[in-house]
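To start, the structure itself, in structure tokens.
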Amino acid sequence: MAFGLSSIFVITIFAVSFTNLAPVSLVLARKPCRFPAIFNFGDSNSDTGGLSAAFGQAPPPNGFSYFGAPAGRYTDGRLLIDFIAESLGLSYLSAFLDSVGTNFSHGANFATAGSTIRPQNTTLQQSGFSPISLNVQFYEFNDFHARTQVVRKRGGVFEILMPKKEHFSNALYTFDIGQNDLTAGYFSNMSTDDVKAYVPDVLNQFQTIIQASPVGCLPYVMERIPVLAGQIDDYGCASPFNEVAQFFNRGLKKIVEQLRKNLPHAAITYVDVYSVKYSLISQGRKHGFKHPLRTCCGHGGKYNYNKNLGCGAKVNKHGKEVLVGAPCKDPWTYVNWDGVHFTEAANKYIFERIVDGSLSDPPTPLNMACYKN
């Protein structure tokens, strides 16, 4: 993706953490960044309404913990990108695909649930993966960039709701995608070796920043793909899938290093979210999460997850609809919301662990990410 050379990039990825620390004097001598806007790209981990606008609203009980109703997010409340916006004093991002009540003055969200880096050769109904892959999101961004400036010239409410031209070069760009590229392979009956073999191709298709998570700890993966007892780690996660995710991230680190050379005027931050998420699951009880692997909103099975009766699912009993995919009463004690996505409480925990920059390379706090080290 060829963004302006003065653009500020924060790349959210999952990989090995970095322990080198920036000199405190340099941080203290600088004023916090004032990002006028955020432009986000990704999948359901950061989708604030894209898939809902295109294929129907995320159903209840999604959104009930914070918004009190469905809000386009596949969780009970806020996402990591929401907490990032809050911390920078910005309103929540409107989805690019949403035409109702949107405000793009402070940025836009191009993420859609189910999105992948590589375009999928299946429909959403067939595979569960979105047709709005990362390259499509980039086309949307390019169109958005040009058209918003034409619309602003109309004045009035159009000028108010569209981003200023200078916002694009001074904005925070975030990328949260890659997890679905790995699971798409597993759900196509590929082995971990097969998936690992195509990881370089996924990385080579894009000269941008992408991410993957500890997919071996997600109920929707562990329930659908057989794993031998010896392949389960001490915390209940499937080691083979997590090893591939870490392999993915090592390749990603090389891309980040190359990007820094290709975009010498851009400030690029590599954030180790993988470690935070794995720590949250492996040491969840220590942090107040009583159920690190079990799903809050679901139905049946070891993890309270059933791919055919998911969160909000209803069945017909004696001529009446009965809710079987009901949410738990204490989502703040769960890491996983619906077998695929994290709860608001888990998202907040992750944000609080990455905002100070201790898991970033360079180790820069989020509000200082506009500076190059």
Side-chain angles (χ1 to χ4, degrees), residues 1 12-14 38-59 62-63 70-75 79-82 92-100 102 107-144 173-188 190 195 198-199 201-203 205-206 208-213 215 218-221 224 245 248 305 307-308 310-313 336-342 347:
M1 294 185 183
T12 305
I13 62 173
F14 309 139
I38 300 174
F39 296 104
N40 181 68
F41 306 80
D43 53 29
S44 58
N45 290 319
S46 60
D47 181 2
T48 56
L51 195 76
S52 289
F55 295 98
Q57 187 65 233
N62 287 297
R73 295 154 175 80
Y74 288 88
T75 181
L79 301 168
L80 178 58
I81 191 65
D82 294 319
Y92 299 141
L93 295 182
S94 293
F96 167 76
L97 294 176
D98 194 353
S99 60
V100 180
T102 50
N109 193 350
F110 300 89
T112 61
S115 288
T116 55
I117 295 166
R118 294 201 311 181
Q120 298 296 303
N121 294 321
T122 61
T123 66
L124 179 68
Q125 288 72 24
Q126 290 172 325
S127 66
F129 296 108
S130 169
I132 308 172
S133 51
L134 188 57
N135 64 320
V136 175
Q137 293 178 30
F138 179 48
Y139 299 145
E140 293 174 342
F141 171 78
N142 274 340
D143 188 52
F144 177 85
Y173 288 83
T174 53
F175 296 79
D176 191 345
I177 195 168
Q179 172 178 310
N180 291 327
D181 288 88
L182 304 186
T183 55
Y186 299 134
F187 295 164
S188 298
M190 289 186 178
V195 174
Y198 78 60
V199 163
D201 180 55
V202 174
L203 295 175
Q205 283 196 39
F206 299 88
T208 186
I209 313 306
I210 45 186
Q211 69 178 32
S213 83
V215 296
L218 297 176
Y220 87 116
V221 173
R224 294 176 63 175
F248 181 99
Y305 174 79
K307 68 176 183 179
N308 297 316
C311 180
N336 199 288
W337 168 240
D338 59 2
V340 183
H341 311 101
F342 282 15
N347 288 327

To the nearest 0.5 Å, what is the distance between [atom1] on [X] and [atom2] on [Y]?
X: Tyr198; Y: Leu182; atom1: OH; atom2: CG; value: 6.0 Å
X: Thr75; Y: Asn336; atom1: OG1; atom2: CG; value: 9.0 Å
X: Thr174; Y: Leu93; atom1: OG1; atom2: CG; value: 7.0 Å
X: Phe342; Y: Leu218; atom1: CZ; atom2: CG; value: 6.0 Å
X: Asn142; Y: Phe138; atom1: CG; atom2: CZ; value: 4.0 Å
X: Ser44; Y: Leu79; atom1: OG; atom2: CG; value: 8.5 Å

Residues in side chain to side chain donor-acceptor pair (under 3.5 Å) contact with Asp338, at least two apart in sequence or another chain: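 Asp338: side chain to side chain donor-acceptor pair (under 3.5 Å) contacts with His341.
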Go through the structure and list residues passing side chain to side chain donor-acceptor pair (under 3.5 Å) with Asn347, not counting sequence neighbours.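 Expected list: none.
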Under the side-chain contact (heavy atoms from CB on, under 4.5 Å) test, which residues partner Thr122, sequence neighbours left out?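 Testing Thr122 for side-chain contact (heavy atoms from CB on, under 4.5 Å), a comparison that skips the adjacent residues, returns Gln120, Gln126, Ser127.
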Which residues share a side-chain contact (heavy atoms from CB on, under 4.5 Å) with Phe96, sequence neighbours left out: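 Residues passing side-chain contact (heavy atoms from CB on, under 4.5 Å) with Phe96: Phe110, Glu140, Phe144.
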Quick one: closest heavy-atom pair of [X] and [Y], and the distance?
X: Ile117; Y: Asp181; value: N-OD1, 2.6 Å
X: Gly50; Y: Ala95; value: N-CB, 3.4 Å
X: Gln57; Y: Pro70; value: CG-CB, 3.9 Å
X: Asp47; Y: Ala111; value: OD1-O, 3.3 Å
X: Tyr74; Y: Ser52; value: OH-OG, 4.2 Å
X: Gly114; Y: Asp43; value: N-CB, 4.4 Å

Identify the residue among Asn109, Asp82, Thr48 that makes a side chain to side chain contact (heavy atoms under 4.5 Å, CB included) with Tyr92.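 Exactly one candidate clears the test, Asp82.
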Evaluation steps, side chain to side chain donor-acceptor pair (under 3.5 Å), between Thr116 and Asn180: CA-CA 5 Å; Thr116 55; Asn180 291 327; over 6 Å; no
Restricting to ring pair (Phe, Tyr, Trp, His ring centres under 6.0 Å), what partner residues turn up for Tyr186, sequence neighbours left out?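 If we apply the ring pair (Phe, Tyr, Trp, His ring centres under 6.0 Å) test to Tyr186, skipping adjacent residues, the hits are Phe241.
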Pairing residues for Phe55 by the ring pair (Phe, Tyr, Trp, His ring centres under 6.0 Å) criterion, not counting sequence neighbours: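 Testing Phe55 for ring pair (Phe, Tyr, Trp, His ring centres under 6.0 Å), a comparison that skips the adjacent residues, returns none.
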[Y] side chain reached by [X] side chain, heavy atoms, under 4.5 Å:
X: Phe41; Y: Leu134; result: yes
X: Asn45; Y: Leu80; result: no
X: Val136; Y: Pro131; result: no

On the 0 to 90° scale, with breaks at 30° and 60°, tag the Tyr220-Phe187 ring pair as parallel, tilted or perpendicular.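 The rings of Tyr220 and Phe187 stand perpendicular, inter-plane angle above 60°.
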Evaluate the side-chain contact (heavy atoms from CB on, under 4.5 Å) criterion for residues Phe248 and Val195: first the C-alpha distance (whole Å), next the side-chain angles of each, then the deciding distance (0.1 Å), finally the verdict. CA-CA 10 Å; Phe248 181 99; Val195 174; over 6 Å; no
Looking only at atom types and distance, does a side-chain atom of Ser130 sit under 3.5 Å from a main-chain N or O of Ile132, one as donor and one as acceptor?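 Present.
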